[in-house]
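Taking it in order: structure first as structure tokens, then the write-up.
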Amino acid sequence: MLRKCLLLISGLASAQVQAQILSVSPVFPKEQDTVTIIYDATQGNAALTGVTQVYAHTGVITTRSASNSDWRYVVGNWGTADARVQMQNLGNNRHRIRFHMKNFYTQAGTFQPGEQILSMAFVFRDQSGNTVGRTAEGKDIYTPVFSTGLFARIVNPETKVNLRSSGGSFLIEAWASKLCSLNLTLDGAQLRSKSNSDSLQYTVSALSAGRHTLIFSATDGTLNAADTQYFVVNPPVKTGFLD
């Protein structure tokens, strides 16, 4: 159980960093869900920018994985036009693949009784496999898979730490994995709350220069979950001449 928790936490942290590379629907995918993965080839190492036909190469991290990088049930024949992992070109360097998670990965083997998927693992390639899309650091891309508990996630903005200029406004969008009570705070002050809901939005404006902490929390009366983001606002630029 401890190893499972550590692997899941690692996957969540990785997903926060890599969120701009992948868009995953539903927001909290479970292993029995049909999932849609959209890959932005201009993000990460951007190696596949301009490539018309992109292929996914994917596996999963499970409770039987030896580490959080131990891929299992890998689907995709490298260097071939494998129709199972051929992605639809959406234009603007965005590519989509859609599949039922458990059925899709079962093509590569049989899950053991009690084995659970903790995260999906990806790299992307051209047909030859000579050009590969990874993270900006050249690593594999992971996105978490959720269980039946309560989870909270800020989906917009996508990154954990955000740099902003003074003035202006931006939209916050946050989701919980079930209907419950939601709360959004900035530096400890409440921005918005909702009951019996799984999502909320709020437009933040006129942040002062400095570091700010945004916390989205969810509770169903028994379980609690939260997600945190940070905003660093630069002071306004002063122009003019020195005496």
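Basis for what follows: all heavy atoms, side chains included, without hydrogens, waters or symmetry-related copies.
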Hydrophobic cluster identity match, [X] and [Y], side-chain contacts under 4.5 Å:
X      : Y      : answer
Phe151 : Ile154 : no
Val27  : Leu150 : no
Val232 : Leu214 : no
Val24  : Tyr39  : yes
Ile38  : Trp175 : no

Are any non-hydrogen side-chain atoms of [X] and [Y] less than 4.5 angstrom apart?
X      : Y      : value
Ser147 : Lys30  : no
Val145 : Leu118 : no
Tyr55  : Asp126 : no
Ile37  : Met120 : yes
His57  : Val132 : no
Pro157 : Arg164 : yes
Phe104 : Lys102 : no

Q: Just say parallel, tilted or perpendicular for the rings of Phe99 and Phe122, cut-offs at 30° and 60°.
A: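 Tilted.
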
Q) What is the ring orientation for Phe111 with Tyr73, classed by angle as parallel under 30°, tilted 30 to 60°, or perpendicular over 60°? A)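 Geometry flag for Tyr73 against Phe111: parallel rings.
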
Q: Salt-bridge test for Asp198 and Lys178: reply yes if a basic N is under 4.0 Å from a carboxylate O, no otherwise.
A: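 The answer is no: the pair does not qualify as a salt bridge.
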
Could you report the tightest heavy-atom contact between [X] and [Y], atom names first, then the distance?
X      : Y      : answer
Cys180 : Ala218 : SG-CB, 3.7 Å
Gln107 : Arg84  : OE1-CD, 3.1 Å
Thr34  : Pro26  : O-CD, 3.7 Å
Gln32  : His100 : O-NE2, 3.0 Å
Leu207 : Leu186 : CD2-CD2, 3.4 Å
Ile97  : Val85  : CD1-CA, 3.8 Å

Please round to the nearest 0.5 Å and tell me the distance separating atom [atom1] of [X] and atom [atom2] of [Y].
X      : Y      : atom1 : atom2 : result
Thr203 : Ile172 : OG1   : CD1   : 8.5 Å
Trp78  : Arg125 : CH2   : CZ    : 6.5 Å
Ser65  : Asp70  : OG    : CG    : 4.5 Å
Leu184 : Leu200 : CG    : CG    : 5.5 Å
Leu171 : Ser205 : CG    : OG    : 12.0 Å
Gln43  : Ser23  : CD    : OG    : 12.0 Å

Q. Applying the side chain to side chain donor-acceptor pair (under 3.5 Å) test to Trp71, which of Thr58, Thr62, Asp140 qualifies?
A.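 Single pass found, and it is Asp140.
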
Hydrogens and angles aside, do [X] and [Y] bring a side-chain donor and acceptor to less than 3.5 Å of each other?
X      : Y      : value
Asn93  : Thr49  : no
Asn162 : Thr159 : yes
Thr63  : Glu115 : no
Thr80  : Asp82  : no
Asn183 : Gln190 : yes

Q: Would you sort out whether His212 and Val233 count as a side chain to side chain contact (heavy atoms under 4.5 Å, CB included), showing the intermediate values?
A: CA-CA 8 Å; His212 301 272; Val233 180; 3.9 Å; yes

Q: Evaluate side chain to side chain contact (heavy atoms under 4.5 Å, CB included) for Ile61 paired with Ser119, printing each intermediate quantity in order.
A: CA-CA 5 Å; Ile61 308 302; Ser119 62; 3.3 Å; yes

With no hydrogens and no angle check, is any side-chain donor or acceptor of [X] less than 3.5 Å from a backbone partner on [Y]?
X      : Y      : answer
Ser177 : Phe28  : no
Thr219 : Leu223 : yes
Asn45  : Lys139 : no
Glu31  : Ile117 : yes
Lys194 : Ser181 : no
Asp33  : Val35  : no

Q: Step by step, work out the salt bridge (charged side-chain N to carboxylate O under 4.0 Å, His left out) result for Arg211 and Asp187.
A: CA-CA 9 Å; Arg211 185 174 183 269; Asp187 298 331; over 6 Å; no

Q: Count the heavy atoms belonging to other residues, nucleotides or ligands that lie under 6.0 Å from CZ of Arg94, then report whether that count exceeds 12.
A: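 Count not over threshold, so no.
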
(Q) Walk me through whether Ile215 and Thr213 qualify under side chain to side chain contact (heavy atoms under 4.5 Å, CB included). (A) CA-CA 7 Å; Ile215 299 176; Thr213 303; 4.0 Å; yes

Q: Give a yes/no verdict on a cation-pi contact between Arg153 and Phe216, requiring under 6.0 Å between NZ or CZ and the six-membered ring centre and an angle within 45° of the axis.
A: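 Arg153 over Phe216 ring: no.
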
**Q.** Derivation of the side chain to side chain contact (heavy atoms under 4.5 Å, CB included) call for Gln53 and Gln127
**A.** CA-CA 7 Å; Gln53 183 58 68; Gln127 180 174 320; 5.9 Å; no

